[in-house]
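A quick note: this is a predicted structure, and the numbers were derived from the prediction, not measured.
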Amino acid sequence: MPKKNILVIGRANSGKTHFAGQLYGRLREPESSLKINGTPENLEMLGEVFEALSEGKASAHTVTETWDSLKLPLIDENSKEFDINWPEYAGEQWDTIFSTRSLNEKWKNKLDDSNKWLIIIRVENEPTFPDFLEKLANNEKPEKKHESPNSIGWDANAYWVEKLQILLQLSKMPIANKIESPKVAVLLSCYDEISTENATPNNILEQRLPMLASYLVSNWDKDKLSIWGLSALGKELTKISKDEGFINEGPETQGWIISPDETIEHKNSDLTLPIKWLLND
């Protein structure tokens, strides 16, 4: 029976690059219960990201443009092998799936070989139009600029719901009852730029993307869905910054995760927690 892997889903500029680099740093730590299995084909890319962070600056976007995809083979403390797959790293093909309602061969293979999804959403970058959602709820006709789901200005709530429904349909997952597979972990990335006001990640998703939050809760088994807050860096870096914390203490000491029912006061430096949750069947 083929192993089932983790599929990373996210738009361009959602924080995937820095998360991958920081994850790489955490996995290299001796105390990590998850280890890199062998030598990944694109280890050089992860090294480039980590090296930039070690210099206290953000990774250049050219890294994601250079590499078409990323596969990170891992092994856990029970010798269980699995891969984390970014089928199309930069994110452009992600939008093509939405417009064509189809997958290329690479995406299809990765989708078929996964039963766990890691969805990365940078809510501060997601366009929302409350008036549009209100009109949808009242069965009113939206404004012309919002009529097409392929429009750049379409509300992120409906965009994400439509995208997940497309992936579910293309993966031929049973959805008659509450969904148990794929198991889903949603990472609200760049969490440090969100005004959380003692809210949990669940609260933030409900506040910022209410239609998406409702869709996930309504369709997934409660034990197969979790919402996390992620700040891979813990702060904003630029391409010319020289942050002393990253330089002197190392990137592996920076960044944090917020568990689904916790607030920002309970930061955890273990960025592998959502992955461990996905693996805990």
**Student:** Trp117 versus Val186: any side-chain heavy-atom pair under 4.5 Å?
**Tutor:** no
**Student:** Excluding sequence neighbours, so at least two apart, what forms side-chain hydrogen bond (donor to acceptor under 3.5 Å, both in side chains) with Glu51?
**Tutor:** none
**Student:** Is the shortest side-chain heavy-atom distance between Ile119 and Leu187 below 4.5 Å?
**Tutor:** no
**Student:** Could you work out, with salt bridge (charged side-chain N to carboxylate O under 4.0 Å, His left out) as the rule, every residue matching Arg26, not counting sequence neighbours?
**Tutor:** none
**Student:** Does atom CD of Glu193 have more than 12 heavy-atom neighbours from other groups under 6.0 Å away?
**Tutor:** yes
**Student:** What residues, two or more places apart in sequence or in another chain, satisfy side-chain hydrogen bond (donor to acceptor under 3.5 Å, both in side chains) together with Gln165?
**Tutor:** none
**Student:** Distance check, rounded to the nearest 0.5 Å: Arg122 atom CZ versus Leu230 atom CG?
**Tutor:** 11.0 Å
**Student:** Taking C-beta and beyond as the side chain, do Asn85 and Ile6 meet within less than 4.5 Å on heavy atoms?
**Tutor:** no
**Student:** Show your working on side-chain contact (heavy atoms from CB on, under 4.5 Å) between Thr272 and Ile257 and close with a plain yes or no.
**Tutor:** CA-CA 9 Å; Thr272 68; Ile257 198 88; over 6 Å; no
**Student:** What residues form a side-chain hydrogen bond (donor to acceptor under 3.5 Å, both in side chains) with Ser226, not counting sequence neighbours?
**Tutor:** Trp228
**Student:** Just grab all the salt bridge (charged side-chain N to carboxylate O under 4.0 Å, His left out) pairs involving residues 226-237, residues at least two apart or on different chains.
**Tutor:** Lys235-Asp243
**Student:** For residues Val123 and Ile194, determine if any side-chain heavy atom of one lies less than 4.5 Å from a side-chain heavy atom of the other.
**Tutor:** yes
**Student:** Which heavy atom in Ile84 sits nearest to a heavy atom in Phe82, and how many Å separate them?
**Tutor:** CG1-CE1, 4.1 Å
**Student:** State which residues pass salt bridge (charged side-chain N to carboxylate O under 4.0 Å, His left out) with Asp192; sequence neighbours excluded, sorted by chain then number.
**Tutor:** none
**Student:** For Lys108 versus Leu170, what's the shortest heavy-atom pair and its separation?
**Tutor:** CE-O, 3.7 Å
**Student:** So, using salt bridge (charged side-chain N to carboxylate O under 4.0 Å, His left out) as the criterion, who are the partners of Asp270 when residues are at least two apart?
**Tutor:** Lys276
**Student:** Start with the C-alpha distance between Lys178 and Asn219, add both sets of side-chain angles, then the distance that settles side-chain contact (heavy atoms from CB on, under 4.5 Å), and finish with yes or no.
**Tutor:** CA-CA 5 Å; Lys178 288 278 189 174; Asn219 287 278; over 6 Å; no
**Student:** Roughly how far, to the nearest 0.5 Å, is CG of Asp113 from CG of Asn5?
**Tutor:** 4.5 Å
**Student:** Indicate yes or no: at least one non-hydrogen side-chain atom of Ile120 is less than 4.5 angstrom from one of Lys16.
**Tutor:** yes
**Student:** Considering residues at least two apart in sequence or located in another chain, which fulfil the side-chain hydrogen bond (donor to acceptor under 3.5 Å, both in side chains) criterion with Glu55?
**Tutor:** Lys57
**Student:** Indicate yes or no: at least one non-hydrogen side-chain atom of Trp256 is less than 4.5 angstrom from one of Ile264.
**Tutor:** yes
**Student:** Do Trp277 and Pro260 come within less than 4.5 Å of each other through their side chains, counting heavy atoms only?
**Tutor:** no
**Student:** To the nearest 0.5 Å, what is the distance between OG (Ser171) and CG (Leu167)?
**Tutor:** 7.0 Å
**Student:** What residue pairs, at least two apart or across chains, pass salt bridge (charged side-chain N to carboxylate O under 4.0 Å, His left out) with a residue in residues 214-225?
**Tutor:** none
**Student:** For Leu118 and Pro274, which heavy atoms make the closest approach, and how far apart are they?
**Tutor:** CD1-CB, 4.3 Å
**Student:** State whether a side-chain donor-acceptor pair under 3.5 Å links Trp160 with Glu126.
**Tutor:** yes
**Student:** Who pairs with Glu124 by salt bridge (charged side-chain N to carboxylate O under 4.0 Å, His left out), at least two apart in sequence or on another chain?
**Tutor:** Arg208
**Student:** Within this structure, what is the CD1-OG distance for the pair Ile247 and Ser54, rounded to the nearest 0.5 Å?
**Tutor:** 9.5 Å
**Student:** Considering residues at least two apart in sequence or located in another chain, which fulfil the side-chain contact (heavy atoms from CB on, under 4.5 Å) criterion with Ser79?
**Tutor:** Ile75
**Student:** Measure from NZ or CZ of Arg11 to the centre of the six-membered ring of Tyr159 and say whether it is under 6.0 Å with the direction within 45° of the ring axis.
**Tutor:** yes
**Student:** Applying side-chain contact (heavy atoms from CB on, under 4.5 Å), can you list everything that pairs with Glu265, at least two apart in sequence or on another chain?
**Tutor:** Asn198, Thr263
**Student:** Heavy-atom distance under 4.5 Å between the side chains of Leu111 and Leu7, does that happen here?
**Tutor:** yes
